[in-house]
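Both counts, for ligands and for their atoms, begin at 1 and track the order of listing. Because only heavy atoms are used, hydrogens play no part in the values below, and waters and symmetry mates are left out as well, while side chains stay in.
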Amino acid sequence: MNWDETDDTSTEERLVGPAAERLVGSVADGEDQAVEAALRPKDLGEFIGQEKVREQLDLVLRAARARGATADHVLLSGAPGLGKTTLSMIIAAEMGAPIRITSGPAIQHAGDLAAILSSLQEGEVLFLDEIHRMSRPAEEMLYMAMEDFRVDVIVGKGPGATAIPLELPPFTLVGATTRAGLLPPPLRDRFGFTGHMEFYEPAELERVVHRSASLLDVEIEPDGAAEIAGRSRGTPRIANRLLRRVRDYAQVKADGFITREIAAAALAVYEVDARGLDRLDRAVLEALLKLFGGGPVGLSTLAVAVGEERETVEEVAEPFLVREGLLARTPRGRVGTPAAWAHLGLTPPRTSAGGNGQQDLFGA
Ligand SMILES: Nc1ncnc2c1ncn2[C@@H]1O[C@H](COP(=O)(O)OP(=O)(O)OP(=O)(O)O)[C@@H](O)[C@H]1O
Ligand SMILES: [Mg+2]
C-alpha cells in the first residue's frame with residue numbers, strides 16, 4: 001500500500017503533453033520539485049499574503065493550543081499553486097503535530113481510508129488533497145470519522161458481512177480542493193473552518209520572489225522582482241518557477257544578477273508575455289481572433305484549431321484568460337474581448353466589440 005506517499009504534484013504538473021510544458025518551456029524536473037519544497041514557508045509568520053485566511057487560521061490554532069485540544073477540521077479551497085499544501089504543513093507545524101499526506105484519487109476504497117485513519121496518532125494532521133475526487137464510500141466513511149472519530153469497518157461480504165466499530169484518536173483533517181463547489185454539502189459542513197485562498201496581489205508576489213531569491217541565493221533588483229511578479233498570474237508557484245528560469249538565464253548571460261531587463265529578456269525566451277500569458281494561452285487567443293474573427297466559436301472547434309484537447313483549453317488556458325477579461329464564455333461560444341484584440345496588437349473587424357462579433361462580421 002502506498003497511501004502515505006507524498007502526493008505533492010500540482011494539477012499543472014500532472015498534465016501531460018504540450019500543456020505540461022507551459023509556463024517554463026520544460027517539464028518541472030526533480031530538482032524543481034525539491035526546490036519547491038525548500039521554498040515553502042514553514043510557519044504562519046513566513047506565509048505571505050492571504051491576510052484573511054491567515055488571521056482566521058491563526059485564531060483557530062491558537063485557541064486549540066490554549067485548550068490543549070486537537071484543532072478543528074480545516075478546508076482550504078483555491079486555485080492550484082496558491083499555497084494549500086503549504087498551509088496544511090504549517091497547520092501541523094503550528095500544532096506541533098505530525099502530518100500524513102494523501103489525496104482523494106489515491107483513496108479508491110473505503111478500506112484504504114480506514115487503514116489510514118486507524119493508524120493516525122492522537123492530534124495528527126491528515127492532509128487530504130483533492131478531497132473532491134474521493135470515492136463515494138470513502139466519503140461516507142469520512143463523515144463519521146470527522147464527526148464522531150469512529151469508523152465502521154466492514155468485515156466479510158454479502159449477508160454475512162458485519163460492521164465492527166473502531167474508535168479513532170482525535171485528529172485534524174485538512175482537506176484541500178480546487179473546486180469547493182464540487183464538495184457535497186454534508187462534507188463541507190463537517191469542517192469547522194473553511195479558508196478560501198485568493199489570487200495574490202502583485203506586491204505580495206514581489207515579496208514571494210524576494211523571499212525565494214534570498215533562499216536560492218540569487219541577487220535580484222526590486223524592478224526585476226516586480227517584472228517576475230507581474231507575469232505570475234497571481235500565483236506563488238508560478239512566481240517561484242519563473243524566478244528559477246530567470247535565474248538560469250541570468251546565470252548564463254549576466255553574472256547571475258537579475259534586473260528588470262534580464263527578467264524581461266529571460267521570460268521572452270520562455271514565451272511568457274508581459275501579462276503572464278504563455279504559449280498555449282496566446283495560441284488560443286490568436287486562433288480565436290485571427291481564425292474566427294473573435295468568435296463566438298465552440299470550444300471543440302477552438303481546441304482543434306490549437307491542436308489541444310478540449311479539456312486542456314477549458315481547464316488550463318481559459319480560466320486565466322477569463323479572469324484577465326480577455327476571453328468570454330457565452331452560450332453561443334467563446335468570444336474574444338476588445339482587451340484581447342488590444343493585447344495581441346490586432347485590429348478588430350470594424351463593428352466587433354466582443355459579445356456579437358460573428359454577427360457583426362457578416363454585416364448584421
Ligand atoms: N503565501 C505564500 N508565501 C510564500 N510562498 C508561497 C505561498 N504560498 C505558496 N507558496 C509557494 O508556492 C508553492 C506552491 O504552493 P502549494 O504547493 O502549497 O500550492 P497548492 O495550493 O497546494 O497547489 P495545488 O492545488 O496545485 O496542490 C510552494 O512551493 C510555496 O513555496
Ligand atoms: Mg497542493
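- Counting heavy atoms under 4.0 Å from ligand 1, residue P41 touches it through the side chain alone.
- By the 3.5 Å distance cut-off applied to N or O atoms, L39 is counted among the residues near ligand 1.
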Which donor-acceptor pairs under 3.5 Å do side chains of residues 149-162 form with protein atoms, sequence neighbours excluded?
none

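- Here atom 14 (C) of ligand 1 lies nearest to R237 when heavy atoms of R237, R207, R54 are compared.
- For D58, the side chain to side chain donor-acceptor pair (under 3.5 Å) partners are R62, not counting sequence neighbours.
- Near T86, meaning under 4.0 Å from any of its heavy atoms, are these atoms of ligand 1: 15 (O), 16 (P), 18 (O), 28 (C), 30 (C).
- For G83, a nitrogen or oxygen atom sits less than 3.5 Å from a nitrogen or oxygen atom of ligand 1, counting backbone and side chain alike.
- A salt bridge links R211 with E46: the closest approach of a Lys/Arg side-chain nitrogen to an acidic carboxylate oxygen falls below 4.0 angstrom.
- At least one heavy atom of R40 lies less than 4.0 angstrom from ligand 1.
- A cation-pi geometry, defined here as NZ or CZ lying under 6.0 Å from the six-membered ring centre and within 45° of its normal, does not hold between R233 and F199.
- Residue nearest to atom 22 (O) of ligand 1, selected from T235, L76, V209, T85: T85 (by heavy-atom distance).
- The aromatic ring centres of H73 and F171 sit less than 6.0 Å apart.
- Within the 4.0 Å heavy-atom cutoff, G49 does not count among the residues contacting ligand 1.
- In summary, the atoms of ligand 1 found under 4.0 Å from a heavy atom of N240, numbered by their order in the structure, are 11 (C), 12 (O), 31 (O).
- At a 4.0 Å heavy-atom cut-off, ligand 1 does not touch L87 at all.
- Polar contact check, A37 against ligand 1: no nitrogen or oxygen pair lies under 3.5 Å apart.
- Between R211 and ligand 1, a contact under 3.5 Å exists for no N or O pair.
- Residues A110 and M141 come closest through the heavy atom pair O-SD, 3.4 Å.
- Coordination check, T85 versus the Mg ion (ligand 2): passed, since an N/O/S atom of the residue sits under 2.8 Å.
- Between V208 and ligand 1, not a single N/O pair is under 3.5 Å apart.
- Within 6.0 Å of NZ on K253 lie no more than 12 heavy atoms contributed by other residues, nucleotides or ligands.
- Figure legend: R100 and F127 shown without cation-pi pairing, the cationic atom not lying both under 6.0 angstrom from the six-membered ring centre and within 45 degrees of its axis.
- A donor-acceptor pair under 3.5 Å is absent between the side-chain atoms of Y249 and the main chain of I262, judged by distance alone.
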